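For reference, the structure is listed below as structure tokens.
A, B, ... follow the sequence lines: proteins, then strands. Residue 1 opens every chain. Nothing here was measured: the structure is a model prediction, and the numbers come from that model.
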Number of protein chains: 2
Amino acid sequence: MTNPKEAAHKATGHTQRGQCSKRLSILDAAAEVFCREGFAGASIDEIAVEAGVSRQTIYNHYREKETLFTAVVEDVMNRTNASLFSILATFPDKPDNLEDDLSAFAVRLAQNCLCNQDGKFLRKLVQSEGERYPQLFEGWRRHGPGKIGTALAALFARLSHGGGLQMDDFDLAARQFLALVNADLQMITLFGESPTGEQLDNAARNAVRTFLRAYSAPAGNPAMGADNGPQRAPQA
Amino acid sequence: MTNPKEAAHKATGHTQRGQCSKRLSILDAAAEVFCREGFAGASIDEIAVEAGVSRQTIYNHYREKETLFTAVVEDVMNRTNASLFSILATFPDKPDNLEDDLSAFAVRLAQNCLCNQDGKFLRKLVQSEGERYPQLFEGWRRHGPGKIGTALAALFARLSHGGGLQMDDFDLAARQFLALVNADLQMITLFGESPTGEQLDNAARNAVRTFLRAYSAPAGNPAMGADNGPQRAPQA
DNA sequence: GACGTTTTAGACAATAGTGTCTAATTTGAC
DNA sequence: GTCAAATTAGACACTATTGTCTAAAACGTC
């Protein structure tokens with residue numbers, strides 16, 4: 001028995017709803033189980049039960065456990081990626097209150113990418129299986145935190161140019177921004193639960209305040225251009 | 001080559017040296033294998049081979065796999081804890097250059113607790129098995145990042161009182177300090193390798209610069225005052 | 001209703017791992 | 001050298017899991 005289904009699924013737009021919905025529920029259940037049990041601990045039977053399909057159907061769509069795993073990782077990465085950019089687009093073009101805008105932005109980012117089910121999945125699985133599948137997660141490095149990093153860096157560059165921020169290493173600032181947002185959150189998410197709205201708000205507020213204390217342009221200096229104020233001594 | 005066997009260990013009633021060294025090599029090998037394979041993926045046989053003992057000896061010392069696992073976690077936590085406090089003691093009583101002293105401190109912290117083999121173990125295993133063994137890792141929360149957090153907070157309180165720093169939430173500052181140090185490091189450690197000395201230096205330097213820009217007391221302001229306004233640091 | 005495809009349940013072999021048991025062997029203390 | 005404790009190798013029963021196979025059932029389309 002070859003696999004006409006994979007070809008059919010990819011090539012033709014003739015996809016049947018049944019097939020597709022099975023695929024989706026398998027991916028969903030697999031993400032759940034892989035995340036909960038890890039790759040070695042997850043059993044195909046468990047996934048099949050949770051997905052509401054027979055084990056054979058899984059082996060039908062994905063040759064073996066590893067194939068399923070990589071498919072799940074790619075699926076979650078794509079979803080996270082999409083969500084990421086839709087959130088980036090929500091940052092106002094002309095922020096009127098940088099602290100409020102950045103805080104709200106951090107909250108959206110945290111709850112849709114970081115504290116998400118998908119975010120949890122990626123964090124856990126990259127951590128535990130990253131060394132075993134380097135080429136798989138190298139995509140995550142580039143398109144996950146890598147991409148959010150560069151996107152954030154671009155945002156900060158824009159804000160710097162607009163005069164609200166002042167910094168010389170946008171990538172560094174982006175990494176630090178994310179680290180600060182996570183500072184208060186990781187203890188919660190690591191414990192396995194999702195932060196409440198209030199916890200999210202506080203974490204974002206704390207992160208943004210510190211970030212702005214380090215990087216906001218001197219008040220009353222509507223700086224244009226890239227000139228550097230007397231803010232920091234470029235050390236060594 | 002993992003046998004510091006002359007270390008004085010816990011006296012368990014009938015202490016013989018042979019027993020003790022076996023115990024240590026079992027714990028060592030188990031830590032290695034659990035870290036590499038996760039709890040489910042690790043096999044007792046693999047650990048036995050790596051430890052250079054027979055499988056039966058492991059079952060002799062630890063009733064079952066789970067017992068061994070918890071013993072390993074506790075062992076690693078204790079080691080990390082000890083290392084932590086010895087490092088904390090290295091921070092000078094009267095720092096002459098806050099940036100340099102904090103950077104050097106951050107480097108020591110990172111390479112002895114965070115990027116360590118033990119640090120890697122705790123990060124990975126807490127992440128992947130934390131939800132399954134909450135009571136086990138609750139100790140980690142209190143004595144790991146929890147304890148380092150409070151110890152750091154105490155340090156920052158001292159520095160604030162001395163006039164070098166200015167902040168009103170010491171615990172928050174401690175969390176943020178650690179987060180900033182990790183900001184540049186986690187991408188490296190997550191990938192599985194240890195950072196070079198240069199990477200460590202840069203990460204620490206970047207973290208401390210941002211931290212001080214957010215929290216250093218205004219120059220020429222000797223001390224006191226729990227109040228901190230939204231001022232930034234002209235530093236240098 | 002007929003037909004091709006997908007799905008299903010279940011049996012199946014093969015492999016791997018856990019934890020126990022026993023008997024032989026080593027080890028260290030006296 | 002003796003003796004007891006620790007260690008070892010190996011067999012063992014038991015369970016779990018992977019991945020394959022087959023024949024029956026469900027599904028969708030015409």
Side-chain angles (χ1 to χ4, degrees), chain A residues 1-30 32-34 36-72 129 132, chain B residues 3 5-6 9-30 32-34 36-72 129 132-133:
Chain A
M1 162 168 344
T2 57
N3 31 3
K5 30 236 156 191
E6 204 145 39
H9 170 263
K10 281 217 161 104
T12 77
H14 182 45
T15 49
Q16 294 172 339
R17 277 305 87 114
Q19 236 183 104
C20 212
S21 95
K22 296 273 180 201
R23 271 192 118 90
L24 286 189
S25 57
I26 290 173
L27 284 177
D28 253 11
E32 177 79 21
V33 176
F34 276 134
R36 191 172 58 233
E37 316 279 351
F39 178 78
S43 87
I44 301 286
D45 295 276
E46 203 176 346
I47 294 172
V49 169
E50 196 143 325
V53 303
S54 83
R55 179 178 66 242
Q56 193 56 30
T57 303
I58 294 183
Y59 282 109
N60 248 344
H61 287 279
Y62 308 94
R63 241 179 307 281
E64 52 189 357
K65 196 180 177 182
E66 204 165 308
T67 315
L68 173 60
F69 181 66
T70 62
V72 172
E129 323 286 351
R132 205 183 305 275
Chain B
N3 275 344
K5 45 189 64 171
E6 297 325 334
H9 202 55
K10 270 194 154 154
T12 55
H14 47 294
T15 322
Q16 287 180 325
R17 248 183 300 277
Q19 234 183 107
C20 207
S21 99
K22 297 275 181 200
R23 272 192 118 90
L24 285 188
S25 58
I26 290 173
L27 284 176
D28 254 11
E32 177 80 22
V33 176
F34 276 135
R36 190 172 60 234
E37 317 278 352
F39 178 79
S43 87
I44 301 286
D45 295 276
E46 203 175 347
I47 295 171
V49 169
E50 194 144 327
V53 302
S54 84
R55 180 178 66 243
Q56 193 55 31
T57 303
I58 295 183
Y59 281 109
N60 199 1
H61 285 279
Y62 308 95
R63 236 174 298 283
E64 53 190 356
K65 196 180 177 181
E66 205 165 306
T67 315
L68 173 60
F69 181 66
T70 62
V72 172
E129 323 285 351
R132 204 183 304 275
Y133 304 90

For the helix from dG1(C)-dC30(D) to dC30(C)-dG1(D), figure out the bend between the end axes, five pairs an end, and round to 10 degrees.
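Angle reported: 30°, given to the nearest ten degrees.
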Judged by nearest nucleotide, the residue sitting upstream toward the 5' end of DNA chain C, S43(B) or G52(A), is G52(A)
Just to be sure I understand the rule, does A42(B) reach a base, reach only the sugar-phosphate, or reach nothing, if contact means heavy atoms closer than 4.0 Å?
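Since only primed, P, OP1 and OP2 atoms lie under 4.0 Å of A42(B), the category is sugar-phosphate.
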Starting at the 5' end of DNA chain D, which residue's closest nucleotide do you reach first, E46(A) or Q56(B)?
Q56(B)
Spacing of CD1 belonging to I47(A) relative to CG belonging to D28(A), to within rounding of 0.5 Å
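Between atom CD1 of I47(A) and atom CG of D28(A) there are 12.0 Å.
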Looking at CD1 of I26(A) and NZ of K22(A), how far apart are the two atoms once the value is rounded to the nearest 0.5 Å?
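If I round to the nearest 0.5 Å, the distance is 8.0 Å.
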Atom pair distance, as rounded to whole Å: [atom1] in [X] and [atom2] in [N]:
X      : N       : atom1 : atom2 : answer
Y59(B) : dA13(D) : OH    : C1'   : 14 Å
N60(B) : dT22(C) : CG    : P     : 15 Å
I47(A) : dA16(D) : CD1   : C1'   : 15 Å
F69(B) : dT18(C) : CZ    : P     : 14 Å
Y62(A) : dT18(D) : OH    : P     : 16 Å
K65(A) : dA16(D) : NZ    : C1'   : 11 Å
E37(A) : dA16(D) : CD    : C1'   : 13 Å
R55(A) : dA11(C) : CZ    : C1'   : 10 Å

Closest approach to the side chain of [X], judged atom by atom: which nucleotide of [options] is it?
X      : options                  : answer
I44(B) : dT18(C), dA9(C), dT7(C)  : dT18(C)
V53(A) : dA9(D), dG19(D), dT8(C)  : dT8(C)
D45(A) : dG19(C), dT18(D), dT8(D) : dT18(D)
K22(A) : dT7(C), dA11(D), dT8(D)  : dT7(C)

Within the structure, does a side-chain N or O atom of [X] lie under 4.0 Å from either OP1 or OP2 of [N]?
X      : N      : answer
H61(A) : dT6(C) : no
T57(B) : dT7(D) : no
S54(B) : dT7(D) : no

If we only count heavy atoms from C-beta on, is the E46(A) to V49(A) side-chain gap below 4.5 Å?
no
Do I44(A) and Y59(A) come within less than 4.5 Å of each other through their side chains, counting heavy atoms only?
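In short, these two side chains touch, coming nearer than 4.5 Å.
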Classify the ring geometry of F69(B) against Y133(B): parallel below 30°, tilted from 30° to 60°, perpendicular beyond 60°.
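Taking Y133(B) first and then F69(B), their aromatic rings sit tilted (interplane angle of 30° to 60°).
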Say whether, by atom type as modelled, one donor and one acceptor occur between the side chain of R132(A) and the main chain of R36(B) under 3.5 angstrom.
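Answer holds: yes.
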Ignoring hydrogens and angles, tell me if any N or O in the side chain of K65(A) forms a donor-acceptor pair with the backbone of F39(A) under 3.5 Å.
yes
Please name the residue in the list L27(A), T70(A), V72(A) that meets the side-chain contact (heavy atoms from CB on, under 4.5 Å) test with Y62(A).
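Of L27(A), T70(A), V72(A), side-chain contact (heavy atoms from CB on, under 4.5 Å) with Y62(A) is met by L27(A) alone.
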